[in-house]
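First up is the structure itself, then whatever we jot down about it.
Within every chain, numbering begins at 1; the chains are lettered A, B, ... in the order of the sequence lines, protein sequences first and strands thereafter.
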Number of protein chains: 2
Amino acid sequence: MHTSIIKHINNHITPSLEDIQLFNSVLNQISVSKGQFLLKPGTNVQHEYFVVKGCLKAYYLDDKGSIHIIQFAIENWWIGDFEAFYNQGSSILYIEAIEDATLLSINYNSLQKIYKKAPIFERYFRVLITQAFIAQRKRILSTLEKNTKERYIEFCMSYPNIENRVPNYDIANYLGVSPENLSRVRKQLKS
Amino acid sequence: MHTSIIKHINNHITPSLEDIQLFNSVLNQISVSKGQFLLKPGTNVQHEYFVVKGCLKAYYLDDKGSIHIIQFAIENWWIGDFEAFYNQGSSILYIEAIEDATLLSINYNSLQKIYKKAPIFERYFRVLITQAFIAQRKRILSTLEKNTKERYIEFCMSYPNIENRVPNYDIANYLGVSPENLSRVRKQLKS
DNA sequence: TGTCCTAATTGATATAGATCAATTAAATTG
DNA sequence: CAATTTAATTGATCTATATCAATTAGGACA
C-alpha cells in the first residue's frame, strides 16, 4: 500500500476499502535523481505523478529559448503536463527533478477505468483541479497587483521552506523576474 | 427547457433525459442590465452563472483601490466567484455586466444534490474546471513569455470579437498594462 | 442636434526592473 | 580538499512601460 497518497486521498474524499485497493493497484513507483527528466516536450503523456519524496519543477521552453517555470512540486503534490494528459496529446513541458525524488504514477487508461468503477475519484480529481485552479488565480492576481518584493514574500509563504530547496534563479524565473532583481530584493528583506 | 445550457452540457457529457430534466429544473433565469452588479465582495456566494446572452467582467479591487480583471464572460461561459462558491465563503470579487445580460444561475445546494443523484455532472464540472485551468495556465505563460503587443493579439484571438464589445481600458486592465500603453500598441498594429 | 460625459489618444517624463559585465560565494567533483 | 563549475551578488547602464497632463474623439441622452 502506498500510504502517502492514500492519506492524501482520504483527506479529500471517503472512498471504500475496495475503491482504495483499486486505486492503489494501478499505481507505479518511480525514482528520478536530481537533474533527471520525468517528461520532455514531444512525449506522449500517459501519466500524472504524485510526489512521495523530493522536489521537481515543470517548465516551458519558448521559441526564444527562454525557460518559464509553471509549477514546483514537493511532497504530496501532483505534477505533470495536465493539459496534454487531459487531451491525450504530446507534452509541451519539461519536468525535471530538483532533488532526488520518489513518485507514484497513474496511467490515463487506468484512471478512466477507475472513474467508471469508482466514480468517487471523479470527485477527488475535481477537488484537486479546483484547488489548483484557485492557486493559479492567486498567482495571476499576484502578478497584476504586486511588485517583486511582495510577490517573493507571498511565494515563500505559500510554498513553505521552498527557498531552501530551490535555487534562486528558479524562483526568479517562476516569478517572472531576473535573478539579479530577486537578489537585490532578498538583500532588502534581510536588512 | 434552457436550450443553450443543455446544448453546452451535451457538448461535454452524455446525460440521460432524466439527468437533463433534473439539471434544468434547478436553474433560474436572471437578467442584469449594463453597469449592474451580479455579485459584490462580502456577499455569501450561493450561485454560479451561465451566460445565455451578454458580456460581463469579474474583477478584484485591491487594498490600494486598483481594479484587476480576472475574467470576461460571453455567451456560453460560466462566471462567478469560483473560490468562494467552492468554499461556500464570501465573495472577494465584483461581477459586473458590460452589456445587458441574461444568465442562468445554479445554487450550491442544488448542485450538491445533483452530484448525488446524477454523478455524471461531477464529470461535466470537472471537465469545465479543467479547461478553465488550462486557459489560466496559458494566461500565466503568456504574461511570462510575451510583451504587451503579443499578448494583446493573443487576447483578441482567444476571446473572438471581444475588442468590439469591451472597452479598451478593461482589456488593458485584464492584460495588466496601462490604457495608454495599450492605445499605443493598438496604433502600431493598425499601421 | 447640440451638450455633456466618458473613453481614447498623444506627448513628456519618471521608474521598476532588465540587461550586461565583473566579482564573490557556494557547490560539485575528481 | 583542491580544482572547477555553477550560483549569487553587486555595479553600471538601458528600456519597456507607468504615470501625469492635456487634447481629441465618441456616445448617450435631453
Identify which nucleotide among D:dT17, C:dG11, C:dA18 has an atom closest to any side-chain atom of A:Ser178, counting heavy atoms from C-beta outward. C:dA18
Remember a base hit wins even if backbone is also touched, and classify A:Gly35 as base, sugar-phosphate or nothing at under 4.0 Å, heavy atoms. nothing
A:Tyr59 and A:Tyr94 aromatic ring geometry - parallel, tilted or perpendicular at 30°/60° bounds: parallel
Take the protein atom CG of A:Asn173 and the nucleotide atom P of D:dA7, then report the distance between them rounded to whole Å. 13 Å
Ranking B:Lys34 and B:Pro179 by the position along DNA chain D of their nearest nucleotide, the one closer to 5' is B:Pro179
How many Å lie between CD on A:Glu180 and P on D:dA8, as a whole number? 11 Å
Decide, yes or no, whether a salt bridge links A:Lys64 with B:Glu150 under the criterion of side-chain N to carboxylate O below 4.0 Å. yes
Would you kindly give the CD-to-C1' distance between B:Gln188 and D:dA16, to the nearest whole Å? 11 Å
In terms of the angle between their ring planes, are B:Phe121 and B:Tyr124 parallel, tilted or perpendicular, with boundaries placed at 30° and 60°? perpendicular
Protein-nucleotide distance (A:Leu189, atom CG; D:dT9, atom P), rounded to Å: 12 Å
Given atom CD1 of B:Ile98 and atom P of C:dT6, what is their separation to the nearest angstrom? 17 Å
Find the distance A:Leu144:CG to D:dT17:P and express it as a whole number of Å. 15 Å
A:Phe125 and A:Trp78: ring-ring contact (aromatic ring centres under 6.0 Å, His included), yes or no, with the steps? CA-CA 10 Å; A:Phe125 284 99; A:Trp78 283 88; 5.5 Å; yes
Any donor-acceptor pair, under 3.5 Å, between the side chain of B:Arg186 and the base of C:dT10, if you only look at N and O atoms? no
Return no unless some side-chain N or O of A:Lys187 is found under 4.0 Å from OP1 or OP2 of D:dT10. yes
On DNA chain D, nearest-nucleotide positions of B:Leu182 versus A:Arg184: which is more 5'? A:Arg184
Using whole Å, report how far CG of A:Asn147 lies from C1' of C:dG17. 11 Å
Here the distance between atom P of D:dA16 and atom CG of B:Leu175, to the nearest Å, is 18 Å
For DNA chain D, the residues among residues 61-74 of chain B that have a non-hydrogen atom under 4.0 Å from it: none
Over 60° means perpendicular and under 30° means parallel, so classify the ring planes of A:Trp77 and A:Tyr159, tilted if in between. parallel
Check B:Lys146 with A:Asp63, please: is the shortest side-chain N to carboxylate O separation under 4.0 Å? no
Out of C:dG17, C:dT9, D:dT17, whichever nucleotide has its closest atom nearest the side chain of B:Ser183: C:dT9
Specify the residues of residues 149-170 of chain A, ordered by number, for which at least one heavy atom lies under 4.0 angstrom from an atom of DNA chain C. none
A:Gln71 and A:Lys57: side-chain donor and acceptor closer than 3.5 Å? no
Does A:Asn87 reach the main-chain N or O of A:Gly89 with its side chain, forming a donor-acceptor pair under 3.5 Å? no
Assess whether salt bridge (charged side-chain N to carboxylate O under 4.0 Å, His left out) is satisfied between A:Lys34 and A:Glu99, documenting all intermediate values. CA-CA 5 Å; A:Lys34 182 174 175 174; A:Glu99 301 171 352; over 6 Å; no
